[in-house]
Every structure is written in structure tokens, then in C-alpha cells.
Amino acid sequence: MTTKRSPEPFAWLLFSSGGMAAAMLIPVLLLLFGIVFPLGWLSAPSHDRLAAVLTHPVTLLVLFGLCVLALFHWAHRFRYTLYDGLQLRKAAPVIAVLCYGGAAVGSVIAAFVLIRAL
Amino acid sequence: MTTADRRYHHPVSFTWWARKPSYLLFVLRELSSVFVAWFVVYLLLLVAAVSSGNESYQGFLEWSSHPLMIALNVIAFAFVLLHAVTWFGLAPKAIVLRLGSWRVPPNLILAAHYGAWLVISVAVAWVILR
Amino acid sequence: MSETDDKHAVPDMPDTTGTITMEVARFRPDRESEPSWDSYDVPLRKEWAVLDGLNHIKDQLDGTLSYRWSCRMGICGSCGMTVNGEPKLTCSTFLTDYAPGPVRVEPLANFPVIRDLVVDIEDFMAKLPTVKPWLVSGDEEPAEDSEYRQTPAEMDDYRRYSMCINCMLCYSACPVYALDPDFIGPAAIALAQRYNLDSRDEGNEDRRDVLASAEGVWACTFVGECSVACPKDVDPAGAIQRYKLTAATQAVKDLLLPRGAR
Amino acid sequence: MAAWHNVVIIGGGGAGLRAAIAIAEANPKLNVAIVSKVYPMRSHTVSAEGGAAAVAGRDDADDSFDEHAYDTVSGSDWLCDQDAVEAFVVEARRELLQLEHWGCPWSRRPDGRIAVRAFGGMKKKRTWFAADKTGFHLLHTLFQTALSYSDIVRYDEWFVTKLLVHDGRVRGVVAVELATGATETIVADAVIVCTGGCGRVFPFTTNANIKTGDGMALAYQAGAPLKDMEFVQYHPTGLPFTGILITEAARAEGGWLLNKDGYRYLQDYDLGSPTDQPTMRSMELGPRDRLSQAFVHEMEKGRTIEHEAGHVVHLDLRHLGKELIDSRLPFVRELCASYQNIDPVSELVPVRPVVHYMMGGIHTDINGATPLTGLYAAGEVACVSINGANRLGSNSLPELLVFGARAGKAAAEFVSDVPGAATGPVLAQGRDEERRLHRELAGRHGSGGERLADIRTEMQDAMEAGAGIYRDEASLIKAIDKVAELKERFARAAIDDTSRTFNTELIAMLELSGMLDVAECIVASALRREESRGAHQRTDFPGRNDEKYLAHSLIRRTPAGESRVDYLPVTITRWPPGERVYGR
Ligand SMILES: Cc1cc2nc3c(=O)[nH]c(=O)nc-3n(C[C@H](O)[C@H](O)[C@H](O)COP(=O)(O)OP(=O)(O)OC[C@H]3O[C@@H](n4cnc5c(N)ncnc54)[C@H](O)[C@@H]3O)c2cc1C
Ligand code: SF4
Ligand code: F3S
Ligand code: FES
């Protein structure tokens, strides 16, 4: 049998790395910036401090990696959720283009935003 | 040989995922990805705000403490935790580590993931709060 | 319908502690176009499996009920059915666990129903050979009068995946199989891994095209219910996850290394 | 148009699959089909637990083919054919190795060689095992290997109802497809019967629901003789109520049998004296016939335990420890937990003798050929015989491999040498059988007749009462009369189900019809053998009588429909009849 090998492994690798990065980094970041600071449990860092941390090239690189991987993680998972949850397997190609395309566009935007911060 | 197909095919219901708690949990886990994506958006907004000066940063802080925003982020946080926990639970299934002829027991792999999670979280918090 | 005829009481068995109602899905293709329910009262005995209840119905109450069974010791894999919504081996699932009842018995989900509790598993039977679940021997086959050496540790690598009794409970539990009938499915992939991980086998490459296709491991979204349903602790979900990592690593290698170098 | 194959194999268990592979290897041009009433991997071979015997590795200098042969011959109470046994012990080793090369996960020693365990009646450790799911692994290995021969055609879930015989030669079968109810004539140049045993003729058995002796009945109806049918093996350790087997391996690993006083009672029955470590051919490692008989005597002495499902003794595994039980006997632990709600690591297991295996079966020669041209048989359904009056545990799995392969090769040769014949008359016979089946389906409905299950239960009880571990003339005559009565009642029995689709009641009816024939053969053969030998114990003839009965019984159906028993001397090569000595 000569089934053509699919691009799935690469999508899956991105999905997996994204899943790992998201699991390791997002909870703490979201907890701090989404809940703790807004609720005032701790006072948010000053602009200067945060700007110093955020504009550091290493930070930007890490954040860029996180954004790209997390977006592709989303794209992959969401694509299957649409297939299965909404039984849209017939629309598979369109969904795939929309999801991965969305992640790619998102990545470009992320690059733009992050470079601007440099 | 086969007479006409008189087999009964159960239609898959549109709400199949509500049939069992485990299926529901699965769908919720998959939906966590939406909140992962939401976080990326949120993060980029934060970065953009910070890089355009203190004023817009303060604006961001204000926006983020709107009750609706907080509610959304609490939900997002719950989903992201669900993601993390299920993700780590899955890791020992994919990874089989062998040191010499010793196979690292799955529980150890699991524990290592949680350990790393803790270390990374503390480090990130330290960098931000220092 | 109920047990009315005393003549049919089963002899020389301990006292019944009462009865339990079994609601059984019926489908008679020559008479009806979709399934219906029949209800029977059967004795509730502590040793009785759900299968014993069905046998009581067939022998004493209604000979037209059809279902498969054979070994009644959880090893032949023929008696899988849906009991109160969960896929189970009916020969090792006990009525008392469902007391006071009723117990609902349906055919395994995700398969076409042939009749009553009998489902059509030809789809699996057709897919199984495509993953080449047999030992592909390499150049190092041992002499005819001796064995391959294989240490207990090497055997442990695949032992778990060799325990599959083809009972189809995992297929019945997997929503992806329900939605995408082309999915090769948990047991077939676990069986492929059973050979892939066997130190005597050289067939990894031969199985790759099918396993690493879109209908192979990539269709699985790790619902994990297959491993929950599996009565023999095969852990097909784990087998699939592991192969995803293997296949992804291979794909990257293929990309980096020139063709012939593999 | 009817289907046609060079060779049709009935049965997809161990014997049938091995035969199919043998044919595919012997002559890939032949067109082979397996017809099986269940999917092959559901066959009863899947239930075998303990292991498969063969002299192990070359480097095990301490065992030899001769010793395996001697254990088998003495275990059989000298009723086996020694030429067959000599061939068997040599080929058993080859077959088990072949299985290893096909991937069977035999348990291993630390250095990677195959491990062997002790077994009842064997003087040396030579039982290969795959934990305690040997049959399961063996069957799945064969099934999966057979999948690699894509030319082997399979009729899964087809039930064979008749052998077609024309001009003194078997020419095919008629079979019903369960899923559709379609009846089909399948023409063949040779047929191999591999349908397994008939434990379901008895009420309390380790055997699966499918073990209804169909093949024996098919051959008998077609005029082939059945051999040594009086020899029915009771396994000493079945779980009460279900009859689920607790493998002999449990005793081989060191388990003890205790009576109600906690006493290892086997020492009272000339089986040696108790030792802490298991001793070969002694005590709990004695042969099955002697152990089951000892149970009956204990019960008569009032030293067994009363259990809600009858009298039992205790199997004690507690001293083996959790680790050994989990590595060597995991399935035993699983079965005890599911079906008896006990943990053998800390509790005693109640057990009692249970019908387990048929030594007798379709009479074949050393190549699996029956006296009926074109008909072959192998596995439990056949009687070559290497088992004689009592099979040794773990000899059956290698037997079905050795003689499955032999029957396959012999059939392949036969069909290559002998030209096919006209099919016209064969098809006509097939059409007759199809009409008969349609009549059965339509004619028995609503006739107000008896339920099949009641007739079946009465037959089983009559067999247990009349032809159990101990029998005598009076009990056997009673059983014969009862079976005759049941046959008459069967003719008027009713069925509820007239559907064509997956009609399991029709199948149960066809099975019961065959079981009644088989039951008749068992009791008739048992009545004629006026001696006690191995598993056949006559209280009215307590001794072995080599002068008259060092011979196989052959029962066949006369054209008038009666049964007739003849005798055929056993073949003796090197081991003249002697005393069976265990524990001394
Ligand atoms: C619980 C248990 C444990 C055992 N443990 C051991 C052990 O440890 N070691 C050992 O050596 N032996 C053991 N035995 C004995 C051994 O397992 C059997 O003798 C052997 O497996 C029989 O194999 P077979 O191929 O002859 O038949 P089976 O495996 O019984 O196969 C019979 C086949 O015939 C088919 N068939 C039957 N009738 C029809 C029909 N009318 N039409 C179409 N198809 C039909 C069935 O579908 C099936 O495929 C054990 C037996 C039992 C019951
Ligand atoms: S993997 Fe488990 S559930 Fe699936 S068929 Fe095999 S034994 Fe059954
Ligand atoms: S349930 Fe199905 S989706 Fe994958 S993990 Fe199991 S095969
Ligand atoms: S009857 Fe064999 S697994 Fe249940």
C-alpha cells in the first residue's frame, strides 16, 4: 500500500509543543495578569519594571514561541472539535484551512506586536 | 450471498458528547484550546499596551479589572488548568523513558511534569513580581 | 413478559433472592425497521452475570432473543454489549451490581446491528490485516531448532498490547470511531504496536503507511474512553499516543535526512 | 452456483488454523477455506490456560523425547498408539518453536530462553507457557499469522450442518450463514474437521458454549467411525457453579489440594507423600483421572466441604505468595476474583472435578486421515490416538498443532494427487439438505412442543448420572434409555424463532441434535468396555483387562441407523503395558 504520508505529524508536533508550553506557562501568567492584579490581591508591577522585563529580547523570544505554539495548539484542537463536536467532517479541508490559516495570521500579528515592543 | 442491507445503523446524535460525563469532560478539554487562544490575544494586548507607554498600560489595567473581564479570565483560567492537568496526565502514555534496562515508571514521569510546572510557575512569578 | 411457568424453574440452584427486570433491545430486521425494547423478569442470583440472565431468557422465556457468547470466562471476546449505557463483557458483569434494576442491555454502540444484541464487526475484521498484525521476521531469524532470545524485560515492552481479545468494547466507547468510520481504531493500532514493540519483529516500516495515515493514529483525539472500557487493561489510548510520538519523530527524521540514508 | 475450494476446513480453532497454514505453505496454489461457526479468535482454544508440552531447548540435557513419550504412554494407561506418540513428541517441539518464530509470547527465563513449568503426570519440566493464558496467545498468534496468508478464504460465522458424501468420498459441506440465514453448498475435494470437543454434553464443564461436538456428529452421520468415545476427562479443579477451570499450572507452581480437615488427602490414594516443593508425577502433580477419582472417594468418606453449588475441596495457593501468583498465574487470580469473589493470595479456592476434555473422537490415522476418503480430522475432535484413556495436561495444545499440520499436509497431497469428480450429485444432495433446513425452521414453530433447553438439560443430567467419573452397567443402561427417549422427544421439540437473520435458536437446535448422537456414542461405547482404564472407571469391572481391551473402541452408524461397536488393537512399539506408578 502506498498511502501518501500526511502532513499530520507536523501539525501534531506543533500541537503537542503548544500544549506543553501552554500547560507550563499560561496558568501562572493568566492567574497573575487576568485575576490577581485586576482584583488587586497584589499590586500590578509598575510600567517601568514591566517594560524592562517585557522588552528584553529573551522575553520577547519566549513570548513569541509561546504565542505561535499556543495558536497552533488551538488550531489543531479546535479543528478536531469542529469535526467531532459539530460533526463537520465533510467540511474538513475548509476547516483545516481556516484553523491553521488563523493560527498563521495570528502568529504574524504576534510577531508584529512583539517586534514593535523591542 | 448477502441479502439487502437490513442492518440497523444508529444515527450519531448531535449531542453525543452529552451522553456520558466522560465525553463531556473530553469536549470541555478540547474547548480549553479556545481559552488558550484567548490568552494569546490577551497577552498581545498587554504587550502592545506596555510598549506604547504608561498611559495605555494603565488603560489596560483598568480594562482588565472590569468585572466581565475578570469573569472571563476566571473561566479561562479554569479551562487552562483543565488543559494543564489533562495534558500532564497524558504525557506518561506517550513517553516511555528507558535508562539502561530500567523503564522509568509512568508515575515518575507524571511527577516530573508537575515538578517542572511548579518550578517554571514560581520562576515566572518571581521575574514578574521581583 | 414475565416468568409465569413454574415448570421452567432452573433446578438444583441456590434460592433466588428475588428477581430483576432486564430491558433488552430487540431488532428483528424481517419485522421492524428500528429497534424496540422487551422487558423480562429474571431471577437475581448472586453468581449470575448479565449473560446468565440473557441465557435464562433464551432458554425459558423467549427463544427468539439473539446474542453471541461462548467462553463465559472473559477471554473469547464475543459477549460485548452495552449494559446501562456502558460497553461491557456480559459474562463478567454481574446482575447484582445493577440491583434493584432494571438492567438495560443493548448491542454495542457504533456498530451496525444485525439482530437484537448482535452487531456487525466486519469493518474491524477488514481493517485488522491492513496493519499487518503478525511477526515480520528480519535477517536474524534463529535456526529452525532454537528460539529467538527475548528477555522478560523485552517482553514487558509489548506484553500489555498482546492481551487484546478483540472484544470491540474500545470501538464502542470511542466517539471518533462513531463519527469517522474510516478510523482504524484503538484495538487494531494496539495490535500493530504489539508487534512493533516486539524485539523479534522487523515490520515497523511495513506498518507505518497505514498507522501514520490520517485514518490511523492521527484521527484519534485522545478521548481515552477506549482504555477505560477495555476489560483486559490493554490501554489502546496509550498505544496510540506512543505511536504518535514515534511517527512524528520519524517524519522529522525523513525530512532532515536524505531519502536513501534511512 | 455453489462455492468450491480444494480443501475446506471446518473450524477456526488451533487445529483448523494450523492446518490452513500448513496447506498454504505446502502448496500455495491450493484454494483453502476455513468455515467456522464463530470468528476464529473466539474458538475454544482461546480458553486454554496452563501450557503446551514439548521437550524444551537443546541445552536441556536432562529431558528427552523418550521421557515425554513414556509419560504420555503411561498417562494414557497404555491405550494410545505408540507410533503416533513417538512422532508427536518430536514434532511437538518443532511446532512450539515454530509458534515462537511466529511471535507467540512464551514466558521466558531471565536469559531470554523459553521457560518451562511442571505439569501433572510429567516427569520433567517441559510445559511451555505464556503466563496462564497459553491458549489465548497460541490462538491469537495462529490467527494473526493466518491473516498474513491472504489467500486463505474464511467463512466466519457459518455453521456446517452436513458432510456431503458421494461414491464413498467426502465432497463438501452444507453450511448456514448466521448473519443472513442463507444456506450454501460448499464443494471441496477434501474436508478437514477441526471442530473441537463436546464438553457441553455434560452439565458441568469447563468447555465453552460452542463445544457441542458438532464435528463428531457430522462424521458419525457421514459414516466415519468414532474412537474411544467412552473416555471423558474430568479435570480435578473447576470452580463450583460456573465450572470455570483453575489451571493445573496452579498445582504445578506448588498449589495443594486440601479436604475439609486441611489435609492433603491425595497421599491416601497411592499418589506419593506430601513434600513442600512440588514433586513430579506425585501428589498434586498426578494425572487428572486419578485426582478426580480421589475426590469422589473423599466425598464418599464425608471429607469434602459442602458448598452451595455442591461438594468441593480446597485448592491452597496462599503459600505461593502474591508475586509468584501475579507473574505466573495472573488469570487464576482474575477468575477467582470475578467469579468466586475470593483472592487466592489470601484465601482458599473451592474446586471440584469438572468435565474438561474428550480423549475420544473421529478415528484417524497418524496423518489425520479418517477411513472415509477425503475426510480428515485434527484437534480435540479427532482421536489419533496419543491420549488413550487419559490425556496428560498440556499435551492437547501441541497435539492440535502437530496433527493439525499433519492433516493439512496430508489433505494437500491428497487433493493434488486425486482428480476432482463430478459435482452434479453433490449439488443435488446439497439441495436436499437445504430443503431439510427450511423444513426444520418452518415446521417446528408453534407446534406446542417442548423447549430445547429442557431436553438439553435432561440429557446433560443423564450423562452425568450415567457416565460420570464412575459408571456401571445399570447406570449406563439407564443413560442409554434416557438418551433414546430424548431423541424421540427432540423430534417433536419446538422453536420460537423463525427468522432467517442470526437465528441462534436454530443453531442451538442443530447442535442439540448432534449432541444427542454424541451422547449416545459415549454411553454405548462405555457400556461395551467391561474394564476400568484411565478415565473410564466401571465399579462393576474395577480392574484393567489388557487381554480383552488393550484396544480402541470404534463406534459407527450402520446404514439402518443403529450404532455398532468394534475394537481395534492399539499399536505398541517400545513400551509394553505396565503398571501406572505415581509418587513412588
Ligand atoms: C478451560 C480449558 C483449558 C485448557 N487448558 C489446556 C492447556 O493448558 N493445555 C492443553 O494442552 N490443553 C488445554 N485444554 C484443551 C485444549 O484447549 C483444547 O483441547 C483445544 O484447544 C481444542 O482445540 P481445537 O482446535 O481442536 O478446537 P476449538 O478451539 O474448540 O475450535 C473449534 C472450532 O470449530 C468450529 N466449529 C465447531 N462446530 C462447527 C460447525 N458445526 N460449523 C462450523 N464451525 C464449527 C468453531 O467455530 C471453532 O472455530 C484446555 C481446555 C479447556 C476447556
Ligand atoms: S483493546 Fe481492549 S477493549 Fe479493545 S478490543 Fe482489545 S481487549 Fe477489547
Ligand atoms: S477513545 Fe478514541 S479517540 Fe483515541 S484515545 Fe481512544 S481511540
Ligand atoms: S463469553 Fe467469552 S468473553 Fe464473555
Side-chain angles (χ1 to χ4, degrees), chain C residues 7-8 11 13-14 28-31 47 58-60 62-78 92 114-116 118 120-121 125 128-129 132-135 137 141-142 144-152 154-155 158-159 162-166 191 195 198 200-201, chain D residues 38-39 41-44 46-47 57-58 93-94 97 100-103 105-114 133 136-137 140-141 144-145 147-148 150 156 179 208-210 241-242 244-245 308-309 331 334-335 338-339 451-454 456-457 495-497 499-505 508:
Chain C
K7 192 185 80 185
H8 295 320
M13 281 187 198
R28 286 148 291 205
D30 41 353
R31 284 177 29 197
E47 318 85 343
K58 177 148 193 99
D59 286 350
Q60 306 302 343
D62 182 353
T64 67
L65 181 65
S66 271
Y67 50 94
R68 296 188 179 104
W69 70 288
S70 181
C71 71
R72 56 84 181 81
M73 56 192 278
I75 192 77
C76 76
S78 43
S92 37
I114 297 177
R115 159 96 194 257
D116 296 343
V118 180
D120 183 350
I121 62 164
M125 296 303 286
L128 185 59
K132 299 194 168 49
W134 52 78
L135 197 102
S137 49
E141 208 178 340
E144 204 184 315
D145 63 342
S146 69
E147 69 264 47
Y148 287 96
R149 292 295 176 96
Q150 184 171 66
T151 63
E154 285 171 322
M155 199 161 108
Y158 69 87
R159 206 184 51 86
S162 74
M163 293 298 179
C164 172
I165 61 174
N166 301 356
L191 281 165
Y195 285 99
D198 188 323
R200 296 167 289 184
D201 180 81
Chain D
V38 295
Y39 282 99
M41 68 280 183
R42 316 279 190 228
S43 302
H44 188 65
V46 82
S47 304
R58 276 171 307 183
R93 192 174 117 76
R94 278 215 291 275
L97 279 169
E100 197 276 338
H101 296 184
W102 283 335
W106 297 115
S107 291
R108 303 286 174 153
R109 308 178 210 198
D111 66 359
R113 284 179 303 150
I114 280 161
K133 289 190 179 172
F136 162 77
H137 286 298
H140 280 255
T141 302
Q144 290 161 0
T145 303
L147 289 179
S148 73
S150 51
D156 292 340
N209 183 39
I210 58 171
F241 187 71
T242 53
I244 288 173
L245 178 78
E308 47 189 358
F331 196 36
E334 191 181 323
L335 291 171
S338 297
Y339 294 96
R451 293 198 80 85
L452 294 177
D454 293 342
R456 189 171 57 220
T457 307
I495 57 176
D496 299 338
D497 194 350
S499 161
R500 302 267 243 121
T501 315
F502 224 96
N503 187 336
T504 48
E505 200 183 22

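Chain identifiers are assigned alphabetically (A, B, ...) following the order of the sequence lines, protein sequences preceding nucleic acid strands; residue numbering begins at 1 within each chain. When reading the values below, keep in mind they use all heavy atoms of this one structure, side chains included, and skip hydrogens, waters and symmetry mates.
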Within this structure, what is the CE-OG1 distance for the pair C/M73 and D/T242, rounded to the nearest 0.5 Å? 9.0 Å
Atom group of C/P133 that falls short of 4.5 Å from chain D, counting heavy atoms: both
Counting heavy-atom pairs under 4.5 Å with chain D, which one of C/D116, C/I165, C/L128, C/D201 comes out on top? C/I165
Select one option (side chain, backbone, both, neither) describing which atoms of C/Y195 are under 4.5 Å from chain D's heavy atoms. side chain
Side-chain contact test, heavy atoms from C-beta onward, threshold under 4.5 Å: evaluate it for D/T145 versus C/L135 and give yes or no. no
D/G103 backbone acceptor or donor facing C/R200 side chain under 3.5 Å: yes
Identify which part of C/D30 has an atom lying under 4.5 Å from any heavy atom of chain D, answering side chain, backbone, both or neither. side chain
Given side chain to side chain contact (heavy atoms under 4.5 Å, CB included), test D/D156 with D/R42 step by step and report yes or no. CA-CA 11 Å; D/D156 292 340; D/R42 316 279 190 228; over 6 Å; no
Is it the side chain or the backbone of D/L335 that comes within 4.5 Å of chain C heavy atoms, both, or neither? side chain
Would you call D/R109-D/D111 a salt bridge at under 4.0 Å N-O? no
Relative to chain D, which of C/N166, C/D120, C/I114 shows the most heavy atom pairs under 4.5 Å? C/N166
Do the non-hydrogen side-chain atoms of D/Q144 and C/L191 ever get within less than 4.5 Å of each other? yes
Backbone N/O of C/D145 and side chain of D/R93: donor-acceptor pair under 3.5 Å: yes
Given the options D/H140, D/H101, D/E505, D/R500, which has more heavy-atom pairs under 4.5 Å with chain C than any of the others? D/H101
Looking only at atom types and distance, does a side-chain atom of C/E147 sit under 3.5 Å from a main-chain N or O of D/I114, one as donor and one as acceptor? yes
Turns out that what part of C/M163 lies under 4.5 Å from chain D's heavy atoms comes down to both
Contact winner vs chain C - D/W102, D/F331, D/Y339, heavy-atom pairs under 4.5 Å: D/Y339
Hydrogens and angles aside, do C/S66 and D/T504 bring a side-chain donor and acceptor to less than 3.5 Å of each other? yes
Working to the nearest 0.5 angstrom, can you tell me the gap between C/S78 OG and C/W69 CH2? 9.5 Å
Tell me, side chain or backbone of C/L65 under 4.5 Å from chain D's heavy atoms, or both, or neither? backbone
Is D/P110 in contact with chain C via its backbone, its side chain, both, or neither, using a 4.5 Å heavy-atom distance? backbone
Between C/K58 and D/D497, does at least one N-O distance fall below 4.0 Å, as a salt bridge requires? no
For chain D, which candidate among C/M125, C/R28, C/R31 shows the most heavy-atom pairs at distances under 4.5 Å? C/M125
Could you check which of D/R108, D/R456, D/E334, D/R94 has the highest count of heavy-atom pairs closer than 4.5 Å to chain C? D/R108
Against chain D, label C/R159 side chain, backbone, both or neither, depending on which of its atoms sit under 4.5 Å from a heavy atom there. neither
Does the distance from a Lys or Arg side-chain N to an Asp or Glu carboxylate O, for C/R149 and C/E154, drop under 4.0 Å? no
Is C/M155 close to chain D through its backbone or its side chain, or both, or neither, when contacts mean heavy atoms under 4.5 Å? side chain
D/I210, D/T501, D/L452: which one forms the most heavy-atom pairs within less than 4.5 Å of chain C? D/T501
Using non-hydrogen atoms only, which part of D/L97 is less than 4.5 Å away from chain C: side chain, backbone, both, or neither? side chain
Name the option with the most non-hydrogen atom pairs under 4.5 Å to chain D; the candidates are C/S70, C/S137, C/G77, C/P29. C/S70
Greatest number of non-hydrogen atom pairs under 4.5 angstrom with chain D, of C/C71, C/P129, C/S162, falls to C/S162
Identify which part of D/F502 has an atom lying under 4.5 Å from any heavy atom of chain C, answering side chain, backbone, both or neither. both
